[in-house]
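Computed over heavy atoms, backbone and side chain alike; hydrogens, waters and symmetry mates excluded. Keep in mind that what you see is a predicted model, and the values were worked out from it rather than measured. Chain naming here is simple, since letters A, B, ... match the order of the sequence lines and numbering starts at 1 in each.
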Amino acid sequence: MSKSKFKPFTSKIPTLAEWSKNFRHRQASAPRATLASPSIAGLGTWTMTLKDNGFKRVIALEPVPAYNHWITGLSEQSKGIVEVLKKDGYDWETYIGLKEPQYLGELENKDWTHVHPGIFFTGTLPKGSRGEQLLAQFMTCITNKMALFTMGRIQMALWIPDSLFYKITAAPGTNARCKMSVIAEACADVMPICSTGPKDVYPHGEYHLVHIIPFAESQIKSQWDVFEYVLKHLFVMQKKPLSHMVRTLGPGADIILGRLSFDPQILIGTMTAMQLDEVATKFDEWPLRPRVLFEDASVFT
Amino acid sequence: MSLSLARQAVAKRSLRFHRQSKYCQVLLKHVAIPCRYQSSAATATESDVDTNRKKHIIMPNAGLSAYKLTAKVLPGSVAEQFAVLKACIISGSMVRAERIMKELYKTRPEEMKLFADVNLYNTLLNGFIEADPKPMTKECLTWLDAMKPRGVTADADTYAIVLKGFLRQSYHTARGLLVEMVLEEGIPVDSVVKSEYLTMADIESFRKMVAESTQITNNNARDILAQLEAAVDVVLGKPAEPLMKDSIAEPLIRDANFDPVPEVKPTKSIGVQFLQEQLAALGDPNATSRMDPYDLQLGLEQQGYEMALQRLLYDKEQSMERGDTLNAMNLTPLKRIMWEWHQKMLPLVKEEVERCDAATSRENERRLYGPFLKVLPPETLSIVTILELLRLHNSSGIGDGMKTARAIIDVGKSVEMEYNAVQIKNKARGFDKNSDTHALFSSGKLFNLAVRKARIDMEKDLSQHSNGMGPANDWNPVWPSTIRAKVGSVLTSLLLEAAKIPVPSKDPETGMKIIENIPAFFHTYQYVHGKRVGIIKFSEQLTHMLAREPIRDTLHPRLLPMLVHPNPWLSYNSGGYLSTKSMCMRVKDSAEQLVYLNKASENDHLAKVFSGLDVLGSTCWRVNKSVFNVVLEVWNKGEALADIPPVVQEHAPLPPKPENYDTDPKAKFNWVSEVKQIQTNERNNHSLRCDVNYKVETARAFLNLPMYFPHNMDFRGRAYPMPPTLNHLGNDLCRGLLHFEEAKPLGARGWRWLKIHLANLYGYDKHSFTEREEFTMSSMDNILDSVDNPLSGKRWWLKADSPWQCLAACYEVAAAVRSGAPEEFKSQLPIHQDGTCNGLQHYAALGGDLAGARAVNLANSGDRPADVYTGVAELVNKQIDEAAAEGNELAQLLQGNVSRKVVKQTVMTNVYGVTFVGARAQIENRLRENENIPRAKVYALSGYLAKKVFSSLGEMFTGAHQIQDWLTDSARRIARSVPLETLQESGLVPGGPPAAKGPEETTVKKRGGGKKKEFSARNPTANQMTSVIWTTPLGLPIVQPYRRSGKKQIATLLQTIFIEDPDASRPVNTSKQSSAFPPNFIHSLDATHMLMSAVACHKKGMTFASVHDSYWTHACDVDGMNEVIRDQFIELHSQPIMENLIAEFKERYKDYRVPRTEVIDKNANDEQDAAGASLFADESELDKVLELEKQQKENEKKDALNAIFGLADMPEADGDGDQDEDDNDDMVMVEKKSKKNLSKYKHTWEPLSFLPLPKKGEFDINEVKKSPYFFH
DNA sequence: GGCAAATATAAAGATATAAGTTATAGGCAAAGG
DNA sequence: GTTTTGCCTAGCGACAATATCTTTATATTTGCG
């Protein structure tokens, strides 16, 4: 049942035209710039596609000299459309640098009622922990309007590995439901565009292109640190009811159960982002809640 | 003191000997025939070879099935069932017990044949007899009859139990049994009467039976009855009360200057005084202060949780009596709340027990842990749980909490220990024998190996498996950790439910004030490196409460220093504390170590090791009151000083959030980690402060009392005191707080050594003895000032390397000086003689390394001690200068910056096998402290320097390095090796038993068929089960424990926990085995040297203590000890240690095979070599490769392009496919090319062999005798 | 009432979890095309 | 079947990942004649 909820992807590769169809509204609003973060090999290709597809300016983030060389070549033949920045999309500093006027500084647009008309972020996330971490971070940045999203409600199109795709799109009650799906659910539309076959790309594995459009307003209203604390603790056991897991938030935290608008017997994994946010809010209001919410046993010698 | 007291003790006990004729007789039998042992000693040289061979315990490889039989390793599930069985018997659930027995015989017949011994049966039978409400004699007889067919021979205890049962029912049957016993089993009647399963009343009823059996006509029966009567008379003819208080017992506290014990803020006391208070409080007012120390020690060990409970109860009742209202009760808030928890928890425990009783066969968990909840009353279970949880506060680096796994296992373990303690206490008859041993030991006789042997033999005569404690033949299976965890989790979860704290709060909606009853503890989780860790946390309110109250209420003391001599080690698990069962070796999760130790113990190989440990334990200590007072003052002031951390009142204010906290993840992250760091620091400081608090508390508790530290060993044989908090291995503070009990006049030499000692402690230890002596004399003003105004004066002592010890030395020196006649001053201060880089000393001795020997003072090297670190630094500097002259930039930067300190750590850790990386890190740290070094260059410089240090070390200690390498290599070979049988069993080598193992075969197939790789020379890891094992010159078998972890998840009530599975097959960790072998081997040698020296010192009447390679004695005995140290070192190294080692290896690993990879295609190999060479040498070739790579990448790119967008001209899959194939072709060609050039390898098994030993150098070990700074 | 098949249940094995990589890089052993 | 990837990185003393899903093994029930 869980699987049937997802749009099945054919291993057939969509053509560029097909792909473009999915971004029709974008074409209408004539994008002025894009960011590409070609994190994995072979995707200089991706940059090239963007170049050939009506973007006015493509800023390519590529820190690895070997690949950088490649993109630079691309840049040269692109007549100034493609611009190479030797920065890593993984680095936080990169996004500060991008706010410089010569890059995206001019385009900053604090109006979140509309999707940012001028900036489009795209790239490929690597398989493994790094990519996962990065995607999760993108989502928290959206909901908190941090980093890239200080510049506005920027839409993204990301190539992500299979496993990540299932996680980020997991609906309440599904097997892949996790912290990241909750945050994604709360702050953005995540829509599949197309997929690769298992061996189409290196490193091997299925990749999916997802279109991420931040909501005008995140559903997470509680204080972020509190929400994160609550989320982290509750998701230790998703198959247990909230009434059980809420106790792990603090001694006597079950007192907030009666203050909720829904049945506390609900299983964690089936809770919606809004419900979780409500828990976080009530938890925050609870006078006896633990003072310190940072509790990383960061024990290094 | 010890002598007079000991003599008294002996005299006193000898009275008991008369009563306890059996012990007396046996003891005399053995001791009175010294020639038996002398003769063997006389022929020792002659039979040396023989004994040497026997000295090695050799067991089948841990991977072989034979191992399980020989080593008698109890499988986990059986161990679990045994524990349950015992718990059932103890709690009277005999029906269940019987069912378990039947089930065991049905499902585990083989194991039962091996492990179901007469002691098990006796326990079971006794359970039937003592069954409530009436003896289950029928079942008893059934199982008695079942013994013989199952190969279990009934013994006197068996019959005692059965007879006891029938005496209450039918004299007829009893008589029949008696006759059967004597005639068929040949068990003498009197041995039955002596059985510890019989009470005096039981024996009394024997008499009654005899009296009522006058009409018996059968001759045999009459005869036997007569014997019985006689035996009964022997026992009952004596006073029935065995533990008569000796009124002549010397009062424990006999210190002339008995000081009033000052109060420690905020805590009061633990330990002895605690015990005394308790005893006094519980209506034993007179006995405490004049109690026999032996009994007091027993009391101390046995002040179980019951005591704590009763104390709580007592306090409570007292306040009630005083008419306190509930609110104004004279209990501290904490105690009151603990009482409430206890009250709340009791019904919960009781309910749980009932639920367990009612548990259906479906409720497996309850059926498993249920019986264990019945071995102790609910009151005890409750208090144990409360106190254990409170004790674990802040353990495992968790702030205000503990890891769940730790908590529940500890609770379970505590329940088990308490249960054991209660068992022992309830059977007081078992103790006399023990105190006899103790008396014997106190007299010093047990250091005579012959007497020791006699004593051990005697114990063996009396009981096969005596542990010196409790009923000799008790069958007491240990609770496997799974059981402990489950039992602990039940109790813990009940406590979590019960323990609440009322806290004022308010409703956030209405703003109404309310009281919330929040849990004192709660179960939660934390993530560490993405892994969940279960935590039990204290609520903040509880933490605050704890902080305000003395630790004595929450810290249930355990393993305190002893008041009397520790019991001598008679077997691997008998010795040390009087009634707390302890192991002579600290073994963690390595069954193999235990097996070898046990075997060695059984075969009497450990006598010398044990007497060494006994000597260490016999050293009597006192708290140094002068130092203690200063410590106390500092502590109460809350000042940070020396090792004492400051009091931190409130949390430090958090740093302000940065401007861009809400927008920049980096900024946020930095701030969060800063906060976390602050929190960790606060936590660390707090636990440091707690640690010091425990130490000070312990010191205070023993302020006027003698202290003994029972010792045991780590797996290499290094000795450690068992009391964990305050001991002489602790930090400077601990050491400063302790000195010898005995005071000995300094004499001229001692006075000199005292002065030298002070200089050493100050840090002035690289100079000649005379210079050091002068240093002390010239510092006299400072010393006196330190003594007179330790805190208000110049605080000179604080500048010392070891301030507290230095202060102690100052007191001693000052007192000596002021006595007017220093040489007559009686000193208690231990004087240290430290090996100079002891590891290297042993290496140098083994390698016969001349230069090395000089560098570490094995040979005299001048009028000052040679200092390896300086030596290495000099050598390095020389090389650097040369390199700098040649223009090496790095060397130039380093010139003049390489001090002794920079290289010290690396040189020191070199013997531990530090790697280049580690060494570089160390040096890096040192270089960073130096401002002359440009930051950016530090890394490169440290790498460069590390290399130089390594090469210099190699130069200075050639022999040592060769040996180190040889050891590493040999260990690697061993750890990779596999016994021939394993190969034969798996059919890799012909010649094995032709598939005799039916079931074995199938299981192997099952496993192999699944997913696991097949066992072969190429893939041997899963079957590499061979640990490196060797025997020290003293006979201690050493087993390196490094294996792959075999942890499994275990379900408990709170969560699953992850613990080592005792049944898991755990292949060795080859690299750890080999890299750790050299240090372990050397440590086993230095441990040997230390134990030898300990015994030798003791023989000469010197007090001895040690911290591994630092040997301590009274000042006046330093010269004597120095001689001993050297003699023992020479004796140790005069043996062909390395030759013995290799011989042992060859014997132990006879017929072992090592996987070997060899090149079979010579040509291919050559080709590859050529190709490899060209790859780097030939420019054009290199270009070609690069070109190829480039092209490959291009193809990849194209490929990806096609894949993603279908941009290729040809539509869809076809084009892609072609493209793919083309690409692949290219790539394959490249690969093929390289593949063609690759050599073929063959994997084979070859016999385990060793490299020849490195050649020994010229150094003559006897030089040590003449080296003044060997230890200094 | 006996035995085999089918089903239920338990044990064992796998996998995901969090989230900046923590400053370093070489040697050796596990794993996999 | 041998290159690539990955791990750890000075020893001992002080211990310890866990929830949940998947697969496999074992126990129990059912079904049948």
Completion exercise
When both distances are under 3.5 Å in a Watson-Crick or G-U wobble arrangement, the nucleotide paired with dA10(D) is none
Fill in the blank from the handout: For dA6(C), the nucleotide meeting Watson-Crick or G-U wobble distances (both under 3.5 Å) is dT28(D)
[atom1] gap between [N] and [M], integer Å:
N	M	atom1	result
dT9(D)	dT24(C)	C1'	11 Å
dG6(D)	dG32(C)	P	10 Å
dG13(D)	dA17(D)	C1'	24 Å
dG33(C)	dT5(D)	P	10 Å

Starting from [atom2] on [N], measure out to [atom1] on [X] and report it in whole angstrom.
X	N	atom1	atom2	result
Glu93(A)	dG20(C)	CD	C1'	11 Å
Lys167(A)	dA16(C)	NZ	P	7 Å
Gln133(A)	dA16(C)	CD	C1'	16 Å
Ile923(B)	dT24(C)	CD1	P	18 Å

Problem - Criterion side-chain contact (heavy atoms from CB on, under 4.5 Å) against Trp1030(B), the qualifying member of Leu1036(B), Val1039(B), Asn1080(B) - result: Asn1080(B)
Exercise for the section: Please find out if less than 6.0 Å separates the ring center of His523(B) from that of His233(A). Expected result: no
Practice task
Measure up the Phe294(A) and Trp671(B) rings against each other and bin them: parallel (under 30°), tilted (30 to 60°), perpendicular (over 60°).
Solution key: perpendicular
Problem - Ring geometry between Tyr912(B) and His1083(B) (parallel below 30°, tilted from 30 to 60°, perpendicular above 60°) - result: tilted
Exercise for the section: Determine whether any donor atom in the side chain of Gln922(B) lies under 3.5 Å from an acceptor atom in the base of dA10(D), or the reverse, and answer yes or no. Expected result: yes
